[in-house]
2 protein chains.
Amino acid sequence: MADDSPQNERISEAEQAVMEALWARSPLTANEVADAVAPARGWTLATVKTLLSRLVAKQAVETAPDGKRFLYSPRVARVDFATGESKRLVDRLFGGSAAGLFAHLAEAEALSDKDLNQIEALLKELRK
Amino acid sequence: MADDSPQNERISEAEQAVMEALWARSPLTANEVADAVAPARGWTLATVKTLLSRLVAKQAVETAPDGKRFLYSPRVARVDFATGESKRLVDRLFGGSAAGLFAHLAEAEALSDKDLNQIEALLKELRK
DNA sequence: CCTTCATGTTTACATCCGTAGTCGATTACG
DNA sequence: CGTAATCGACTACGGATGTAAACATGAAGG
């Protein structure tokens, strides 16, 4: 019984940049991914290809043959990735308490008025 | 022009465990740190010593000689570490919007009722 | 058909991280 | 005074990560 479920492996920061391109639009060829991310990060095509391979190995990305080449698509949703990373942070730093994170950000003046308003609105929404 | 300011370097997960011990109580000897963290992580004393050295090299920890040995103390406050990591997450995943993070946690059902109540109370507090 | 281009695969290599053993010096105990 | 225990420094080593070149193979064009 192989591990067929996606994403037990961790996605690194460089890899995330590649994922972002695929989350924004997919499927894409390796070249299209490179066009999307390489300039901003100063990468060569070779680097992008390596990252794509690793993501495929990690089952975070899947490939579909398209003639000679591959089309790449995300296997993990951005939402799930974001949830995982967020929870990890909350666990590691705030003992699992999301409110702890919020209190911390407030204390650190890391919340803009806009943030506060949006959070307040969100709370009101949740209360319904 | 040396870099005398603390913590430009990143603190890894294992290193954070050591920092937690020092944040909880300091200064501590290497042995005391080991007693605090090694059992829970299944580490040997050698491992803790290595992590301490790296933290000293990263200027996240400072030493004070105490006879033959050293007393270790944090040079970076836990609050600052938490702020840095939190901001990094918000930037990397939510385009810098803390409200985006909260919206996300709400959507992912990662907010308990307790969290919601506490956040609400905090908001009220901040509004004063 | 043969050469060239595109594209995935393999290999490379420096650095970081997790984990730990060994060495050398110093202190403390018998 | 000499030997054992202590403690920091140095060394080690496999895996992950960042970054990229070399290679193989198949397609496309002349």
Side-chain angles (χ1 to χ4, degrees), chain A residues 3 7-22 26-73 75 81 84-85 88 92, chain B residues 7-22 26-73 81 84-85 88 92:
Chain A
D3 180 2
Q7 216 261 311
N8 290 41
E9 308 266 1
R10 203 129 159 61
I11 293 174
S12 79
E13 188 145 345
E15 286 160 1
Q16 191 199 328
V18 168
M19 293 302 291
E20 295 292 351
L22 293 173
S26 76
L28 292 181
T29 67
N31 254 306
E32 289 169 330
V33 173
D35 286 345
V37 303
R41 318 261 312 195
W43 285 341
T44 68
L45 175 59
T47 299
V48 174
K49 285 199 229 171
T50 300
L51 293 172
L52 278 171
S53 312
R54 290 183 183 166
L55 285 167
V56 170
K58 290 181 182 181
Q59 316 206 287
V61 162
E62 68 188 351
T63 56
D66 173 51
K68 174 192 178 42
R69 64 213 166 144
F70 282 162
L71 295 180
Y72 297 86
S73 307
R75 270 195 86 182
F81 176 70
E85 293 295 304
R88 190 185 319 277
R92 264 163 52 78
Chain B
Q7 221 263 310
N8 291 44
E9 310 265 1
R10 202 127 160 60
I11 293 174
S12 78
E13 189 146 344
E15 285 160 2
Q16 191 199 329
V18 168
M19 293 302 292
E20 295 291 352
L22 293 172
S26 76
L28 291 182
T29 66
N31 255 304
E32 290 169 329
V33 173
D35 287 344
V37 301
R41 318 259 312 195
W43 286 341
T44 68
L45 175 59
T47 299
V48 175
K49 285 200 229 173
T50 299
L51 292 172
L52 278 170
S53 310
R54 289 183 183 165
L55 285 167
V56 170
K58 290 182 181 181
Q59 316 206 288
V61 162
E62 69 188 351
T63 56
D66 173 52
K68 172 192 177 47
R69 63 218 167 135
F70 282 163
L71 295 180
Y72 297 86
S73 306
F81 175 69
E85 293 295 304
R88 188 183 321 276
R92 263 164 50 80

Please report the distance, rounded to the nearest Å, between [atom1] in [X] and [atom2] in [N].
X     : N      : atom1 : atom2 : value
B:L51 : C:dC16 : CG    : C1'   : 13 Å
B:F70 : C:dT26 : CZ    : C1'   : 13 Å
A:R10 : C:dC17 : CZ    : P     : 13 Å
A:L52 : D:dT19 : CG    : P     : 14 Å
B:K49 : D:dT11 : NZ    : P     : 16 Å
B:E13 : D:dA16 : CD    : P     : 15 Å
A:I11 : D:dA16 : CD1   : P     : 15 Å
B:Q16 : C:dG18 : CD    : C1'   : 15 Å

*Residue whose nearest DNA chain D nucleotide is more 5′ - A:A46 or A:E15*: A:E15

*If each of A:T47 and A:G67 is mapped to the nucleotide of DNA chain D with the nearest heavy atom, which maps nearer the 5' terminus, i.e. the 5' end?*
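Its nearest nucleotide lies further toward 5', so the answer is A:T47.
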
Using every non-hydrogen atom in the two residues, find where [X] and [Y] come nearest and quote the distance to one decimal.
X     : Y     : value
A:R10 : A:E15 : O-OE1, 3.8 Å
B:L45 : B:A30 : CD1-O, 4.3 Å
B:R41 : B:A17 : NH1-CB, 3.8 Å

*asked:* If you only use heavy atoms from C-beta on, which nucleotide in D:dG8, C:dG8, D:dA20 is closest to the side chain of A:R69?
replied: C:dG8

*Selected nucleotide, minimal atom distance to A:W43 side chain, candidates D:dG8, D:dC10, D:dT19*: D:dT19

*Scan B:S12 against the nucleic acid and name what it touches under 4.0 Å (heavy atoms): base, sugar-phosphate only, or nothing.*
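B:S12: backbone/sugar contact only, no base atoms under 4.0 Å.
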
*Tell me what B:T50 touches on the nucleic acid: a base, only sugar-phosphate, or nothing, going by heavy atoms under 4.0 Å.*
base

Donor-acceptor pair present, [X] side chain and [N] base, under 3.5 Å:
X     : N      : result
A:R54 : D:dT19 : yes
B:S53 : D:dA9  : no
B:T44 : C:dA20 : no
B:K68 : D:dT6  : yes

*asked:* Please confirm whether the shortest side-chain N or O distance from A:N31 to OP1 or OP2 of C:dT7 is below 4.0 Å.
replied: yes

_Tell me whether the side-chain N/O atoms of B:K58 come closer than 4.0 Å to OP1 or OP2 in C:dC17._
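Answer yes for this pair, as a side-chain N or O of B:K58 is under 4.0 Å from OP1 or OP2.
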
_Check this for me, if you would: do B:E9 and B:R54 make a salt bridge, where the nitrogen-to-carboxylate-oxygen distance has to be below 4.0 angstrom?_
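Looking at B:E9 and B:R54, the cut-off is not met.
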
*Once you round to the nearest 0.5 Å, how far does OH of B:Y72 lie from CG of B:L28?*
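Taking OH in B:Y72 and CG in B:L28, the distance rounds to 11.0 Å.
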
